[in-house]
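Throughout, residue positions are numbered sequentially from 1 according to the sequence presented.
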Amino acid sequence: MKKTYDVEVDCANCAAKMEEEIKKIDGVSNAVLSFMTLKLKVDFEEGANENKVMKNALKACRKVESDCEIYF
């Protein structure tokens with residue numbers, strides 16, 4: 001399953017770091033975070049709990065940039 005989310009992030013470098021952290025999360029097969037469009041595209045693994053994965057993604061992103069937001 002693929003889903004797209006709006007994100008709030010302040011710099012392109014942080015967005016790249018966040019993308020790498022999201023890719024490491026269990027349940028994510030791929031992720032692309034575009035600083036230009038402020039969109040996060042996530043490919044979920046089969047049977048992944050979307051809500052749990054996205055909560056973990058937000059937690060990981062806030063380690064990079066504490067005031068970022070993912071709207072899910």
Open item on the list: Under the criterion side-chain contact (heavy atoms from CB on, under 4.5 Å), I'd like the reasoning laid out for M54 against I70: C-alpha separation, chi angles, the key distance, then a yes or no.
Closed with: CA-CA 8 Å; M54 293 311 298; I70 302 173; 3.7 Å; yes
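- Checked against salt bridge (Lys or Arg N to Asp or Glu O under 4.0 Å), K39 has the following partners two or more places apart in sequence or in another chain: D6.
- To the nearest 0.5 Å, atom CE of residue M18 and atom SG of residue C11 are 7.5 Å apart.
- For the atom pair CG of D10 and SG of C68, the computed distance is 9.0 Å after rounding to the nearest 0.5 Å.
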- [ ] Please report the C-alpha distance between V7 and Y71 in whole Å, then the side-chain angles of each, then the deciding distance to 0.1 Å, and finally whether the side-chain contact (heavy atoms from CB on, under 4.5 Å) criterion is met.
- [x] CA-CA 6 Å; V7 296; Y71 299 99; 6.0 Å; no
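- Partners of K55 according to the side-chain contact (heavy atoms from CB on, under 4.5 Å) rule, which considers only residues two or more places apart in sequence or in another chain, are N51, F72.
- The side-chain contact (heavy atoms from CB on, under 4.5 Å) test applied to K52 returns N49, N56, not counting sequence neighbours.
- Among pairs with a residue in residues 62-72, those fulfilling salt bridge (Lys or Arg N to Asp or Glu O under 4.0 Å) read R62-E69, at least two apart in sequence or across chains.
- Of the inter-residue distances, the one linking L33 atom CG with E20 atom CD reads 10.5 Å to the nearest 0.5 angstrom.
- Side-chain atoms of V53 and F44, non-hydrogen and from C-beta on, do get closer than 4.5 Å to each other.
- Shortest non-hydrogen contact noted between C14 and V9 is CB-CG2, 4.2 Å.
- Shortest non-hydrogen contact noted between I25 and A60 is CD1-CB, 4.3 Å.
- Pairs of residues two or more places apart, or lying in two chains, that qualify as salt bridge (Lys or Arg N to Asp or Glu O under 4.0 Å) and include a residue from residues 40-50 are K3-E50.
- In this structure, the side-chain contact (heavy atoms from CB on, under 4.5 Å) partners of A31, at least two apart in sequence or on a different chain, are I22, K23, V28, L40.
- Taking SG of C61 as the reference point, atom CD of E8 lies at 12.5 Å (rounded to 0.5 Å).
- Both Y5 and M1 are part of a single hydrophobic cluster, where members link through side-chain heavy atoms under 4.5 Å apart.
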